[in-house]
Amino acid sequence: MDIGGLIHAFFDNAGPGGVVVLLVVGGACAIYYFLTRWIVTAGKDNKPTPEEGTARVDA
Amino acid sequence: MPRWGMVIDLDKCFACQSCTAACRMENNTPPAGKDQAGMGRTILWNEVLPFVEGEYPNVKATLLPRPCMHCDNPACIKVCPVQATYKNEEGLVLVDYNRCIGCRMCTVACPYAVRYFNWYAPEWPEDLKAHLNPEPEVQPRPKGVVEKCTFCVQRLRQARETAEAEGRTFQATDYVPACVQTCTAHARYFGDLDDPDSLVSKLAHSPRAFRMFEELGTQPKVFYLKQG
Amino acid sequence: MEPKNPFTKAILAPVRKISTGDTLLWGTLLVLLLAGGAAWTWQYIEGLGITGMNRPVYWGVYITNFVFFIGLAHSGTFISAILRIAGQSWRAPLTRAAEAITLFSLPFGAGSIIIDMGHPERIFNLLFYGRYQSPILWDVTAVSLYMLSSIVFFYLSLIPDIALCRDRLTGAPRWQHRMYEVLALGWNHSPEQYRRLEKALDGMAVFMTMLVVTVHTVVSWLFGMTVQPGWHTALIGPFFLLGAILSGTAAVVIVLALLRKAYRLEKVLHLGLFNSLRKLLITFVLGWLYMMIAEHLTIGYSSMTEEMVVLTDKFSGAYAAVFWSMAALVFGVPLLVFLFKGKNNIGWMVFACVLINIGMWMERYIVIIPTEASPRLLTVMGQGSYLPALPEILITVACFAGMALLYAVFTRFFPIVPIWETAQELPGHAHAAETSPTGD
């Protein structure tokens, strides 16, 4: 596989940049959603918190 | 695929500006008007620039016609966020007016200042309007986009179509931009730089040949032949 | 079981008390904002021709505003993220006030880029045809992620206080109370919630610090990646970053002083905070001087032709007046004030910080314009010139007014000092008592 060619194609074509922006922002939205849920649900004593394992605190 | 390039002999050029005028008519660049011209907003795809070196009485002035350099490694293309400006397979640097977002990063990045922005929607006096070039490639550009010299890309298409209609293969010599065709002093040469036998390719290798701001690594395809 | 904070009453006092003064202020700011909106509409219809921009000065005050507002935004992240990591607990009372600057200046920073576009309606081309080699795409990624993260960082630390509003401000109008209910996400001050919140904020602080460095470096690369004289330097990233932190921190001082006066928060936003910020500001002003010397000495010493044209323009040419008054405003006067007058004196501190921010705006201007006005083809094209036109001035004023408006409205609906972070005791664990405000 031509790694150099791939990198070149990524930077030099219309499209991939928009995908990166969407992935970064969309991914952050998802992570922040689960992070917020993880924090808030700690108050509901009767409910176990299955999200704890998946939520990342550093991103 | 040809790699189109231009050679301008500064010994022959006497700055008559016919290239500028021909370009204007061929490519439908709007007249700016006095006020706008005063603000430096004239759109001239081809300009004849005076390079003045030294101070009086030891002055040396060089007149330098400047189309787009159609760089092999263009600074403008790198910075365009939407690939509205691109280099086609024949090495021509073109602009997609329907995609350009008008951020003007290319105009800021180009060291040759060949890129122009449409500050307003273009307008022509009635008399001139009747004489606009009808080719689709040079239809008046909307306000808010960047435009520049294309080496008269519409003429390239026309030349190909003519060759096909006449049933012969297209030759590099079939196609010249308007500025080259009109040059009073025959100071401009145009052709395929990849063809070692072409006139431009030979002239580009002449010891008199130089390119503008060669140190920037943009690799322009417009060569100048030194004066004197 | 709420956090125990003796100042809860004082902090909640300004909330929902909309006075005649407020209405007047909001009205004025709204008019200014609308005037800017009208100017933008005018510009959208006519084209960018109605601005003062031209060839070769293709970028003017809109881009200056972009850099300035993104810089101003660094205040909040610096105070609450970087100082959080460094364990500087004195910062607690001012975190929210600082973060609010971030939150409300970012939209105007990002918006300035859109205002500057010839075809703002084609903004989504950036997503459809985004090309990652362009620094503009780097900006879009970094700034949008920064904006999103700031909102989350701000909101997370606001939740416990919204819950307090929900429980205490029962007399508020129905819609407002409903807003608190929804935004509090059912927060019930359980110890585990606080433990997780602290953990999340600590983690996010590291990420935010990284973002803050990235964002302003990438903003500077809009210029640094071109080959233009005066811009094409590796130092431009750190230089922009330091300037951003300087103007941001100075903005915090101004905002704190205003809040303290307007909302009678003297006890909470105590003098000690100003003295701590003073020390930080002295460091940043000196750091700025260091960058300034490093940058200009390197260029001046080597005396490369094109670079020297821009440098002479700034030092003794067309931009000398702006350049030297900028140096006096950012560095000279403020440093003297901080050293000799600023201690225990809020008036002088605010004076110096206003100067710094005016100066920093001028600094952004002086980085951007002279390089464009002296292109490589200078000998040919002649010196370019640029003066902002009416629409540009209106829109710039509107950006500042809009930011102030958002800030003023926010402080009437939410507590601007974090009650839980300054509490002496939090449910479940002995929260750092040393963060509680004292009279000093």
Side-chain angles (χ1 to χ4, degrees), chain B residues 32 35-36 38-44 47-53 62-64 66 75-84 86 96-122 142-146 212-213 215-218, chain C residues 43-59 63 113-114 116-140 222-223 225-229 231-232 306 368 371-372 375-382 384-386 389:
Chain B
D35 295 349
Q36 293 296 304
M39 288 186 78
R41 287 175 177 174
T42 325
I43 297 182
L44 291 166
E47 270 184 272
V48 180
L49 303 170
F51 264 89
V52 183
E53 286 169 85
T62 314
L63 292 157
L64 211 78
R66 191 239 48 204
C76 54
I77 288 184
K78 277 191 207 163
V79 300
C80 180
V82 294
Q83 209 169 42
Y86 58 97
D96 181 344
Y97 310 120
N98 293 321
R99 191 185 284 185
C100 174
I101 62 170
C103 67
R104 307 190 296 295
M105 181 137 195
C106 55
T107 59
V108 167
C110 172
Y112 306 98
V114 307
R115 307 182 66 94
Y116 296 83
F117 184 70
N118 283 280
W119 300 98
Y120 290 107
K143 69 167 192 283
V145 302
V146 167
M212 215 196 278
F213 304 144
E215 70 277 14
L216 298 180
T218 48
Chain C
Q43 174 185 302
Y44 182 76
I45 294 166
E46 279 288 315
L48 280 165
I50 63 165
T51 67
M53 290 186 277
N54 55 56
R55 175 171 178 268
V57 186
Y58 284 105
W59 283 347
I63 298 290
I113 281 278
I114 299 172
D116 187 64
M117 282 165 55
H119 271 285
E121 79 280 3
R122 292 187 186 168
I123 180 91
F124 292 108
N125 279 7
L126 288 170
L127 297 181
F128 301 143
Y129 308 111
R131 194 172 158 284
Y132 224 71
Q133 197 179 12
S134 167
I136 291 184
L137 252 280
W138 311 346
D139 268 3
V140 171
L222 211 51
F223 311 99
M225 290 298 136
T226 68
V227 289
Q228 308 301 9
W231 287 356
H232 192 61
E306 298 98 357
I368 298 168
T371 288
E372 291 184 275
R376 248 163 235 276
L377 281 170
L378 173 74
T379 37
V380 185
M381 289 168 54
S385 67
Y386 167 73

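In what follows, chains carry the letters A, B, and so on, assigned in the order in which the sequence lines appear, proteins first and then strands, with residues in each chain numbered from 1. Worth saying up front: this structure is predicted, and the values here are computed from it rather than measured.
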Residue C/Leu222 versus chain B: region with a heavy atom under 4.5 Å
both

For C/Pro135 and B/Met105, work out which heavy atoms get closest and say how close.
CG-CE, 3.9 Å

Do the side chains of C/Ile123 and B/Ile101 get nearer than 4.5 Å, heavy atoms only?
no

Please classify the contact of C/Phe124 with chain B as side chain, backbone, both or neither, using a heavy-atom distance under 4.5 Å.
neither

Would you say that B/Val79 contacts C/Gln133 through its side chain, given a criterion of any heavy-atom pair below 4.5 Å between the two side chains?
no

If one checks every heavy atom of B/Ala75 against chain C at 4.5 Å, the contacting part turns out to be neither

B/Leu64 versus chain C, heavy atoms under 4.5 Å apart: side chain, backbone, both or neither?
neither

If you count heavy-atom pairs under 4.5 Å with chain B, which of C/Ile136, C/Thr226, C/Ile63 comes out on top?
C/Ile136

Chain B contact via C/Glu46 - which portion, at a heavy-atom distance below 4.5 Å
both

Side chains of C/Arg55 and B/Arg115: closer than 4.5 Å at any heavy-atom pair?
no

Exactly one of C/Val140, C/Asp139, C/Leu137 should register a side-chain contact (heavy atoms from CB on, under 4.5 Å) with B/Pro81. Which one does?
C/Leu137

Minimum side-chain heavy-atom gap C/Arg131-B/Val82 below 4.5 Å
no

Is there side-chain contact between C/Leu48 and B/Lys143, with heavy atoms separated by less than 4.5 Å?
no

Cationic tip of B/Arg99 within the cone over C/Tyr129's six-membered ring, i.e. under 6.0 Å and within 45° of the normal?
yes

Applying a strict 4.5 Å limit to non-hydrogen atoms, the region of C/Ile114 in contact with chain B is neither

Heavy-atom donor-acceptor pair, C/His119 side chain to B/Asn98 backbone, under 3.5 Å
no

Per-residue tally against chain B (heavy atom, under 4.5 Å) across C/Gly47, C/Pro120, C/Ser385, C/Ser134 peaks at C/Ser134

Given a strict heavy-atom distance threshold of 4.5 Å, which part of C/Ile368 is in contact with chain B: side chain, backbone, both, or neither?
neither

Answer yes or no: is there a side-chain heavy-atom contact under 4.5 Å between B/Val145 and C/Arg122?
yes

Go through the atoms of B/Tyr116 and report whether side chain, backbone, both or neither lie under 4.5 Å from a heavy atom of chain C.
both

